[in-house]
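Model, not experiment: these values are computed from the prediction.
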Amino acid sequence: MMNEKYIEQLQSILSSPKKISIIPHRNPDGDAIGSTLGLYHILKALGHDAYIISPNDFPHFLAWMPASENIIIFDKKRELANQILSSSDYIFTLDFNILLRTGEDMEKVLEKMTAPFVMIDHHQMPGDYATLTFSNPEFGSTCELLYTIIQALKLTHLVDKDAATCIYTGIVTDSGSFRFPKTNANTHRVVAELIDKGIDNPAIHNALFDNSNYNRLQLLGKALQNMVILPEYNTSYIYLTDKELNEFQHQKGDTEGFVNYGLSIKGIDLTFFFIERKDEGIVKISLRSQGNMDVNQLARKYFEGGGHVNAAGGKSTLSLEDTITRFTDIIKKHKKEFYV
Ligand code: 5GP
Ligand code: MN
């Protein structure tokens with residue numbers, strides 16, 4: 001399953017103490033934080049000097065994760081981040097495959113680095129910035145891929161309860177709690193090994209999904225009321241305006257999972273979620289699909305984004321209203337071109 005030559009190269013990199021920076025994508029999710037922390041725990045156990053530098057803050061529903069307090073936020077501590085990055089022997093990038101996914105500012109910093117990059121990722125169409133690329137879109141999560149690499153390196157004995165907890169978290173979140181199509185026997189075998197490491201799996205689900213506050217559920221209620229169905233096109237969408245987000249004191253991570261409701265309606269195979277982000281001057285877009293409707297291509301072609309066949313993201317610099325008008329137009333004219 002793993003390219004042996006790459007594994008040997010990684011083995012040789014890790015064979016003597018190194019200073020290593022580990023980077024997730026901007027607006028990191030459970031898989032990005034889970035995989036960077038999982039790797040961090042392993043590298044520490046191997047005796048490396050490891051640092052996680054996240055482009056921006058991570059959502060509070062992940063703040064319980066072991067060692068998450070050690071994550072350095074680039075946006076808040078640029079000088080420190082720069083200093084660590086430029087003195088690193090290696091830079092590992094996890095859960096993304098083009099440097100722009102760290103944001104324009106951090107991309108510029110990373111492009112100047114002389115240290116070699118190692119990519120571990122499961123998105124389609126990897127960029128070529130890394131000297132060592134572990135890229136496999138057949139994996140449902142970077143965390144599952146990471147664990148499979150650890151197995152190939154024969155280092156699973158170093159995965160303690162904390163590392164296992166982080167890796168399990170990324171698998172759960174990216175697989176929609178084991179329900180998305182890329183969930184396979186390997187996923188469950190990896191999970192079985194993680195459970196053998198002593199993780200408290202019910203407590204992890206609880207920390208991830210049963211930690212909402214009242215405002216978040218009210219915000220979900222608002223988003224659901226805003227849902228529009230385009231029955232002829234088997235498509236639905238929801239949106240939240242800047243005003244609505246503020247009304248419910250929106251915090252980072254509050255809208256996580258909302259997009260899936262649009263797909264839970266019978267007959268719908270494509271859904272969009274538009275979030276008006278006035279402070280950034282954009283509308284953030286989440287796309288989800290079922291079956292062979294390819295939202296990766298749709299996001300790439302029309303919404304400055306990308307991702308996977310059934311889950312992608314993008315953005316628009318038009319107003320929310322104009323974005324939705326343009327989206328409706330594109331769906332009516334072009335949706336059928338994106339069945340693979
Ligand atoms: P989400 O809707 O949860 O933000 O993103 C869904 C999936 O699409 C994630 O796997 C994420 O990595 C990917 N994705 C989100 N935004 C972008 C983007 O702007 N560009 C690319 N290439 N992928 C994205
Ligand atoms: Mn992922």
Quiz item: From Tyr168 OH over to Asn201 CG, what is the distance, rounded to the nearest 0.5 angstrom?
Solution: 4.5 Å

Quiz item: Using 4.0 Å as the upper bound for N to carboxylate O, is an ion pair formed by Arg78 and Asp105?
Solution: yes

Self-check item: Shortest non-hydrogen contact from Ser316 toward Thr323
Solution: OG-OG1, 2.7 Å

Exercise. Measure up the Tyr6 and Phe134 rings against each other and bin them: parallel (under 30°), tilted (30 to 60°), perpendicular (over 60°).
Key: perpendicular

Quiz item: Got a second to check how far Ser54's OG is from Ile72's CD1, nearest 0.5 Å?
Solution: 10.5 Å

Quiz item: Any sub-3.5 Å donor-acceptor pair from Glu276's side-chain atoms to Thr241's backbone N or O?
Solution: no

Quiz item: Is a salt bridge present between Lys333 and Asp329, judged by a nitrogen-to-oxygen distance below 4.0 Å?
Solution: yes

Self-check item: Salt-bridge present (Asp294, Arg300; N to O < 4.0 Å)
Solution: no

Quiz item: Can a salt bridge be assigned to the pair Arg26 and Asp57 using a cut-off of 4.0 Å between side-chain N and carboxylate O?
Solution: no

Quiz item: Hey, is CD on Glu280 packed in by over 12 heavy atoms from elsewhere, all under 6.0 Å?
Solution: yes

Exercise. Please check if any side-chain donor atom of Asn226 sits under 3.5 Å from a side-chain acceptor atom of Glu244, or the reverse.
Key: yes

Quiz item: Closest heavy-atom contact between Gly253 and Arg216?
Solution: O-NE, 4.4 Å

Quiz item: Ignoring hydrogens and geometry, is there a side-chain-to-backbone donor-acceptor pair from Asp31 to Thr142 under 3.5 Å?
Solution: yes

Quiz item: Side chains of Leu132 and Met119: closer than 4.5 Å at any heavy-atom pair?
Solution: no

Quiz item: Relative to the ring of His25, is the ring of His123 parallel (under 30°), tilted (30 to 60°) or perpendicular (over 60°)?
Solution: perpendicular

Exercise. Would you kindly check if the NZ (Lys) or CZ (Arg) of Arg189 is within the cone defined by 45 degrees around the ring axis of Tyr147 and under 6.0 Å from the six-membered ring centre?
Key: no

Practice problem: On the 0 to 90° scale, with breaks at 30° and 60°, tag the Phe327-Phe272 ring pair as parallel, tilted or perpendicular. | Solution: tilted

Quiz item: Does Glu138 CD have over 12 foreign heavy atoms under 6.0 Å away?
Solution: no

Quiz item: Does the pair Asp200/Lys161 count as a salt bridge with the N-to-O cut at 4.0 Å?
Solution: no

Exercise. Give, for atom NE2 of His205 and atom OG of Ser177, the distance between the pair rounded to the nearest 0.5 Å.
Key: 5.5 Å

